[in-house]
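Below you'll find the structure, written out as structure tokens, and then a few comments.
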Amino acid sequence: MVQSSTSYRSYWVVAVAAPAVLLPFLMFVWLGWPGDPDPCTLTNPNACFCEAFDPGAVQTGAGGVRQPSNTWFNLYALATASLVAIQVSVDRRHRGPVFAPGAIPDVYVFVVLFLGLGSMWFHGSLTRWGGIVDAVSMYLFTAFLVAFAAYRLRASVPLFWALFLSVAAVASITHAVLDRPGTSVVLIAAQVCVYMALELLVWSRRLRGRVPQRWSGALWWFAALATIGIAIVFWVLSQTGGRLCDPASVWQPHAIAWHPLAGVAAVLLFYYWREAARVTAR
């Protein structure tokens, strides 16, 4: 009965969370965006990730979508989150290698979904508070990386929840308080460094033979690392004034490369953890 009641829970995460994030977004698109403009709109030239926008609409809080390409390409997250949700559901129904117990896989489905949909709030509004929503979506993802790496070292569900919630909360509050350009980059880099340190400890345990090994599974991790590395290259080159920046173009590299590739990396990490769970279960 427990297995039956949880088998489709990952689907419900997508079915409930996607409208919960998108419907209010569409309401603001229709009615207008309150709040102060994001600081990136006030520089000359603007530093809002290349794509041109109407400064007057930002200043007056008019309705509409400020950066269409950078906004709508974030709908990729519906596909990446659905893929993870489907795999988790299949594994639960067939008693496959669910990568973590309880609701942890469902949390990751939401994190992968919000990683894209949260970004829409910034690019759609170019408001200060929209930027905070975008930042929180990234902090939730990096907080999950930290918390789950710690869980793999010590299989404690309470430890996972304590780390996940505290890391995400501290980063989000710090961002809201400081609210300076580059804050999100520094905070995300700090969390990624912690994650990498914990991941190295996981790998060292494998080298010492304390956990089963199947190094073919590591290919998923290296693929994720390569994917996010390529995404970062596009992120850098497509900044305002960058070599790949064409403000008037519909095909914004930030939109069509950085956003979806970040989602692909998240899916690859999921399969890395799933493979590790498969080996441990043997």
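As the structure is a prediction and not an experimental result, all values here were calculated from the model. Below, all heavy atoms of this structure are taken into account, side chains as well, without hydrogens, waters or symmetry copies.
- Counting heavy atoms from C-beta on, the side chains of Tyr108 and Leu269 come closer than 4.5 Å.
- Contact annotation: the side chain of Asp38 never approaches that of Thr127 to less than 4.5 Å [non-hydrogen atoms, C-beta and beyond].
- With Ser238 contributing its side chain and Cys245 its backbone, the two residues share no donor-acceptor pair below 3.5 Å.
- Within the 4.5 Å cutoff, the side chain of Ser10 has heavy atoms near those of the Ser89 side chain.
- The backbone N or O of Ala79 lies less than 3.5 Å from no partner atom in the side chain of Ser82, so there is not a single donor-acceptor pair.
- Annotation: side chain of Leu200 is not in contact with side chain of Met196 (no heavy-atom distance under 4.5 Å).
- The aromatic rings of Trp121 and Trp33 sit perpendicular, their planes meeting at an angle over 60°, well past the 30° parallel limit.
- Residue Val167 is not grouped with residue Ile173 when hydrophobic side chains (ILVMFWY) are merged at heavy-atom distances under 4.5 angstrom, including chains of intermediate members.
- The shortest distance between side-chain heavy atoms of Phe73 and Trp251 falls below 4.5 Å.
- Counting Ile, Leu, Val, Met, Phe, Trp and Tyr side chains that sit under 4.5 Å apart, directly or through other members, Leu23 stands alone, with no cluster partners.
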>> side chain to side chain contact (heavy atoms under 4.5 Å, CB included) for Val58 and Phe53? Distances and angles first, verdict last.
In response: CA-CA 8 Å; Val58 176; Phe53 61 92; 3.7 Å; yes
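- Residue Leu237 is not grouped with residue Ile232 when hydrophobic side chains (ILVMFWY) are merged at heavy-atom distances under 4.5 angstrom, including chains of intermediate members.
- Ring orientation note: the planes of Phe148 and Tyr151 are close to parallel, at an angle under 30° on the 30°/60° scale.
- Leu261 CG to Leu268 CG: the interatomic distance, rounded to the nearest 0.5 Å, is 10.0 Å.
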>> Using side chain to side chain contact (heavy atoms under 4.5 Å, CB included), reason through Gln252 and Cys50 one step at a time and then give a plain yes or no.
In response: CA-CA 8 Å; Gln252 294 291 321; Cys50 184; 3.4 Å; yes
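- Checked against the 6.0 Å centroid criterion, the rings of Phe144 and Phe160 qualify as a close aromatic pair.
- Under a hydrophobic clustering in which Ile, Leu, Val, Met, Phe, Trp and Tyr are joined whenever their side-chain heavy atoms come within less than 4.5 Å, directly or via other members, Leu75 and Leu115 fall into the same cluster.
- Closest approach of Ala143 and Ala168 over heavy atoms only: CB-N, 3.7 Å.
- Side-chain N or O atoms of Thr71 include one that pairs as donor or acceptor with a backbone N or O of His123 at under 3.5 Å.
- Counting all heavy atoms, side chain and backbone alike, Leu113 lies closest to Ala81 at CB-CB, 3.6 Å.
- No side-chain heavy atom of Trp161 sits less than 4.5 Å from a side-chain heavy atom of Ser166.
- Between Ala149 and Tyr195, the shortest heavy-atom distance links the atoms CB-CD1, 3.9 Å.
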Using atom types as modelled, flag every donor-acceptor pair under 3.5 Å from a side chain in residues 11-21 to any protein atom, sequence neighbours excluded.
none

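- In the model, Asn46 has no side-chain atom that pairs as donor or acceptor with a side-chain atom of Thr41 under 3.5 Å.
- Using a 4.5 Å cut-off between side-chain heavy atoms of Ile, Leu, Val, Met, Phe, Trp and Tyr, with links allowed through other members, Phe222 and Phe270 fall into the same hydrophobic cluster.
- At a threshold of 4.5 Å between non-hydrogen side-chain atoms, the residues Trp273 and Ile104 do not count as touching.
- Taking the charged nitrogens against the carboxylate oxygens, Arg9 and Asp106 do have a contact shorter than 4.0 Å, which makes a salt bridge.
- No chain of hydrophobic side-chain contacts below 4.5 Å, direct or via other Ile, Leu, Val, Met, Phe, Trp or Tyr residues, connects Val192 to Val185.
- A donor-acceptor pair under 3.5 Å is absent between the side-chain atoms of Asp134 and the main chain of Gly130, judged by distance alone.
- In this pair, Trp235 and Phe49 present their aromatic rings tilted. The plane angle is within the 30 to 60° band.
- With hydrogens and angles left out, the side-chain atoms of Gln191 and Thr142 include a donor and acceptor closer than 3.5 Å.
- Within the 3.5 Å criterion, the main-chain N or O of Cys48 finds a donor-acceptor partner in the side chain of Gln67.
- To the nearest 0.5 Å, the span separating CZ on Arg66 from CD on Glu51 amounts to 12.5 Å.
- The CG atom of Leu22 sits 5.0 Å away from the CG atom of Leu117 when rounded to the nearest 0.5 Å.
- Between the CG atom of Leu126 and the CG atom of Leu42 there is a distance of 10.5 Å, given to the nearest 0.5 Å.
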>> I'd like to know whether Phe99 forms a ring pair (Phe, Tyr, Trp, His ring centres under 6.0 Å) with Trp220, so could you lay out the CA-CA distance, the side-chain angles of the two residues, the decisive distance to 0.1 Å, and finally the verdict.
In response: CA-CA 14 Å; Phe99 75 93; Trp220 290 108; over 10 Å; no
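- Taking the six-membered ring for Trp and thresholds of 30 and 60 degrees, Trp203 and Tyr272 have ring planes inclined between 30 and 60 degrees apart.
- When all heavy atoms are compared, the tightest approach of Phe234 to Ala257 is CG-CB, 3.5 Å.
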> Given Tyr271 and Leu83, is the side chain to side chain contact (heavy atoms under 4.5 Å, CB included) satisfied, shown in steps?
Replying inline: CA-CA 11 Å; Tyr271 278 102; Leu83 176 59; 4.1 Å; yes
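- How far OG1 of Thr80 is from NE2 of His259: 12.5 Å, rounded to the nearest 0.5 Å.
- Under a 3.5 Å cut-off, the side chain of Trp72 and the backbone N or O of Met120 do not form any donor-acceptor pair.
- Shown here for Thr227 and Ala223, the closest heavy-atom pair between the two residues is OG1-O, 2.7 Å.
- Annotation for Val88 and Pro105: closest pair CG1-CB, 3.9 Å, computed over non-hydrogen atoms.
- Rounding to the nearest 0.5 Å gives a distance of 6.0 Å between OG1 of Thr183 and NE2 of His175.
- Side-chain atoms of Phe110 and Leu140, non-hydrogen and from C-beta on, do get closer than 4.5 Å to each other.
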